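One structure is given below, encoded as structure tokens.
Starting from 1, each residue takes its place in the sequence as its number. Quick note: numbers below take in every heavy atom, side chains included, and nothing from hydrogens, waters or symmetry partners. Here the structure is a predicted model, which is why all the values come from computation and not from measurement.
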Amino acid sequence: MALSCLNDATSTANSSNYYTAPTNTIINNIRSRSITRNRLAGGQPSFPIFRSSKSNYSLVNSRNPLNYPSSSSSSSFECQFCRHRNHHPVRSCCCCAFCCGTTWAAYRRRAMEDDLQSSSSPTKCLKTSNHLRHVESMSILPSGAGRISRLNAVILGESLASEEDDLVFPNEAFSKQAHVPSPQKYLEMYTRSIEDPAGFWSDIASEFYWKERWGPLVYSQNLDIRKGNVEIEWFKGGMTNICYNSLDRIIDSGDGDKVAIFWEGNEPGFDGTLTYNQLLSRVCQLANYLKDVGVRKGDAVVIYLPMLMELPIAMLACSRIGAVHSVVFAGFSAESLAQRIMDCKPKVVITCNAVRRGSKVIYLKDIVDAALAESARNGILLDICLTYENESAMKREATKWQEGRDIWWQDVVPQYPTTCAVEWVDAEDPLFLLYTSGSTGKPKGVLHTTGGYMVYTATTFKYAFDYKPSDIYWCTADCGWITGHSYVTYGPLLNGATIVVYEGAPNYPNAGRCWDIVDKYKVSIFYTAPTLVRSLMREGDQYVTRNSRKSLRVLGSVGEPINPSAWRWFFNVVGAARCPISDTWWQTETGGFMITPLPGAWPQKPGSATFPFFGIQPVIVDEKGAEIEGECSGYLCVKSSWPGAFRTLYGDHERYETTYFSTFPGYYFSGDGCSRDKDGYYWLTGRVDDVINVSGHRIGTAEVESALVSHRHCAEAAVVGVEHEVKGQGIYAFVTLVEGIPYSEDLRRSLILTVRNQIGAFAAPDKVHWAPGLPKTRSGKIMRRILRKIASRQLDELGDTSTLADPSVVDQLIKLADC
């Protein structure tokens with residue numbers, strides 16, 4: 001059963017003191033059924049955005065579809081529908097739902113009819129004069145209030161400035177069925193989440209099962225390191241279990257026979273299905289086995305599995321008995337795995353003998369054997385290595401084996417009962433450890449607890465994807481990363497969703513595999529990484545358009561800022577200009593979405609994460625930690641806690657405080673750069689350590705990459721900084737071209753000129769390095785550490801490349817270094 005809406009009221013006239021107008025707008029001059037956006041640089045046409053009147057979303061190449069007054073004008077203005085003079089204290093766009101009770105739907109229909117009658121031309125691009133003034137109307141939002149003042153950017157350069165004129169509006173039908181159908185509804189809910197966080201989150205938490213309710217204090221926090229130890233607690237004293245809420249609660253609601261997991265193997269045609277009843281039985285069998293071998297509440301279990309159904313089963317089995325799971329991405333080297341084993345000292349390691357990913361076989365059991373040997377040399381001995389036989393990749397007879405320690409999953413787990421008692425845990429008891437690997441130093445063991453994480457991931461999943469019980473949901477992430485924890489396993493299952501789990505590579509046996517899977521399972525919500533979007537975009541539209549994809553309803557993006565060109569391709573080609581894109585910003589540490597669009601609630605801007613989720617108070621600060629208001633660029637921080645926040649770094653609370661809370665005391669420092677435009681939209685510019693200081697200009701790598709990818713011959717780009725004897729740092733760009741485009745000096749110069757035109761001469765790359773491919777992990781993350789070493793010619797310091805999807809790309813880049 002999906003979580004119920006907090007309030008089923010749709011957007012109508014209300015007496016709220018806060019009003020915003022992203023969807024409540026008059027679209028002037030709607031005359032076109034095929035609108036194309038022209039690139040500002042070079043004048044090359046982009047993809048058609050507004051395909052037909054049946055599309056859920058239409059794009060306006062605009063500054064303000066309303067022609068309403070700017071913030072400098074009088075607070076009194078005339079309603080363009082009813083000609084009423086609005087004297088309300090909020091200077092916003094003219095909205096009849098606010099000043100005369102006319103709904104936006106009726107307003108838009110009337111405007112369209114009037115305009116079509118007066119039109120003498122069958123086609124005309126949509127033009128407007130001003131941006132939407134979110135920061136004026138959303139006066140309660142953190143950092144977004146008051147008059148906009150022009151401020152010097154911490155990271156110079158108007159990131160995405162040439163792209164931010166595009167507005168993509170939801171149509172009436174989509175908004176009407178959405179959980180958050182309007183900006184008014186969002187503001188109503190957001191306002192309460194900020195002004196009354198205890199009440200807001202208590203109401204949502206009450207929709208879950210609690211063996212014992214939490215005490216009178218819903219949350220406590222100290223984010224200011226100057227006032228003592230940093231501490232965050234939510235629902236402390238409440239006793240619950242996330243496995244029970246993900247499975248038993250759903251079954252008790254009557255959905256036991258609903259499909260929980262569609263599993264798609266690496267090879268087409270090799271698949272499987274589990275209902276919620278079947279999934280619970282499998283989880284209980286493994287949970288009983290773990291208890292039988294001595295795993296107890298609070299014990300750690302390391303899971304080193306590929307994307308088999310056994311991976312979420314193992315996670316849920318651990319949580320059912322109160323054990324702390326630590327999933328390690330099945331691609332990390334033996335050394336990396338050993339580091340994690342030595343840090344958390346697990347009772348059991350769960351793995352499989354091998355996995356076939358694409359045409360390549362990865363021998364996971366060999367990696368585990370080497371890691372356990374390394375751990376033993378450092379005094380950490382494990383008695384049990386539970387190994388699943390993955391027959392499609394390797395037979396058990398060919399698997400290396402250590403008698404007494406290694407145990408075949410299939411030989412023992414199915415023998416255990418299909419029911420298992422639940423271990424009720426405190427909301428603040430640990431749920432899982434997830435290690436984030438930096439380029440140097442010891443991995444950080446991010447620790448998430450049970451209650452707050454459960455409530456937050458379920459709620460963000462529901463609203464950010466506008467989830468409905470009929471949806472089929474597919475997130476392409478691996479459970480070895482936080483996305484796989486929050487939005488493959490826990491978030492969807494807590495909502496009673498049907499999920500797709502895919503074992504293989506997204507381009508195997510060809511670049512159309514993703515869309516084959518979408519059609520096969522009728523996927524309606526598709527969530528993936530910008531890197532994969534750009535990779536598939538490079539292969540051409542034909543792999544997408546050969547499939548219908550008619551089931552798709554909502555798209556999502558995760559992992560890094562998505563450049564507007566990729567956003568448009570994703571929207572136009574994959575979503576056929578009818579699916580909103582939830583371009584989410586969040587981190588391993590945050591547990592769930594922090595800044596994200598809510599489908600149907602407001603217009604989108606390609607490449608912007610838009611506005612904060614409920615309960616999140618983002619602020620942008622300068623280098624001294626002072627909050628910057630209005631339009632600005634700087635360091636992204638969060639003030640006040642939220643339920644899904646991580647609680648510590650395992651065994652190193654001092655590092656937790658130093659890394660995240662000491663730079664700007666009183667705030668959680670994300671480590672990311674961010675811009676907020678004149679409308680209050682947030683634009684992530686990448687990690688602060690991905691900022692290049694060129695002759696005093698601080699330039700975000702993301703904005704340079706975005707400019708490069710806007711070139712019609714560039715499929716993908718990655719930018720790093722290198723030492724420069726004159727400028728301090730220079731800009732070094734790795735560029736992957738569209739398939740079939742040859743390398744040339746003219747093209748190199750054209751790419752550099754594109755950056756100069758869009759950002760400025762100071763941001764022009766000093767070196768363009770041709771790249772047949774970029775070094776990426778199998779989850780799609782670009783390994784910039786390796787790129788920096790290649791750019792600096794520090795080839796003897798490349799480090800571990802075992803996690804790369806294709807390690808051979810490193811040698812190709814080295815060979816092309818002087819081309």
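- Applying the salt bridge (charged side-chain N to carboxylate O under 4.0 Å, His left out) criterion to Glu705, with sequence neighbours excluded, gives Arg784.
- Once rounded to the nearest 0.5 Å, the distance linking OG1 of Thr459 with CD1 of Ile204 reads 4.5 Å.
- Cation-pi geometry between Lys605 and Tyr681 is met: under 6.0 angstrom from the ring centre, within 45 degrees of the axis.
- With a 4.5 Å cut-off on side-chain heavy atoms, Gln587 and Asp672 count as touching.
- You'll find the ring centres of Trp586 and Phe613 outside the 6.0 Å limit.
- Annotation: ring-ring contact (aromatic ring centres under 6.0 Å, His included) contacts of Phe669 (sequence neighbours excluded): Phe664.
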- Message: Go through it in stages, so that I can follow the logic: the residues are Tyr667 and Val638, the test is side chain to side chain contact (heavy atoms under 4.5 Å, CB included), and I'd like the CA-CA distance, side-chain angles, deciding distance and then a yes or no.
- Response: CA-CA 6 Å; Tyr667 303 96; Val638 181; over 6 Å; no

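- Under the 3.5 Å distance criterion, with hydrogens and angles disregarded, a donor-acceptor pair is assigned to the side chains of Trp683 and Asp677.
- Using a 4.5 Å heavy-atom cutoff, the side chains of Phe646 and Tyr660 are in contact.
- Within the 6.0 Å centre-distance limit, the rings of Phe200 and Phe614 are counted as a close aromatic pair.
- Under the 3.5 Å distance criterion, the side-chain polar atoms of Trp481 are left unmatched by any main-chain donor or acceptor of Gly559.
- Using cut-offs of 30° and 60° for the angle between ring planes, the Tyr487 and Phe465 rings count as perpendicular.
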- Task: Would you please test Arg647 and Glu231 for salt bridge (charged side-chain N to carboxylate O under 4.0 Å, His left out) and show each step?
- Result: CA-CA 7 Å; Arg647 303 306 198 247; Glu231 185 178 27; over 6 Å; no

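- The ring-ring contact (aromatic ring centres under 6.0 Å, His included) check on Trp585 picks up nothing, with sequence neighbours excluded.
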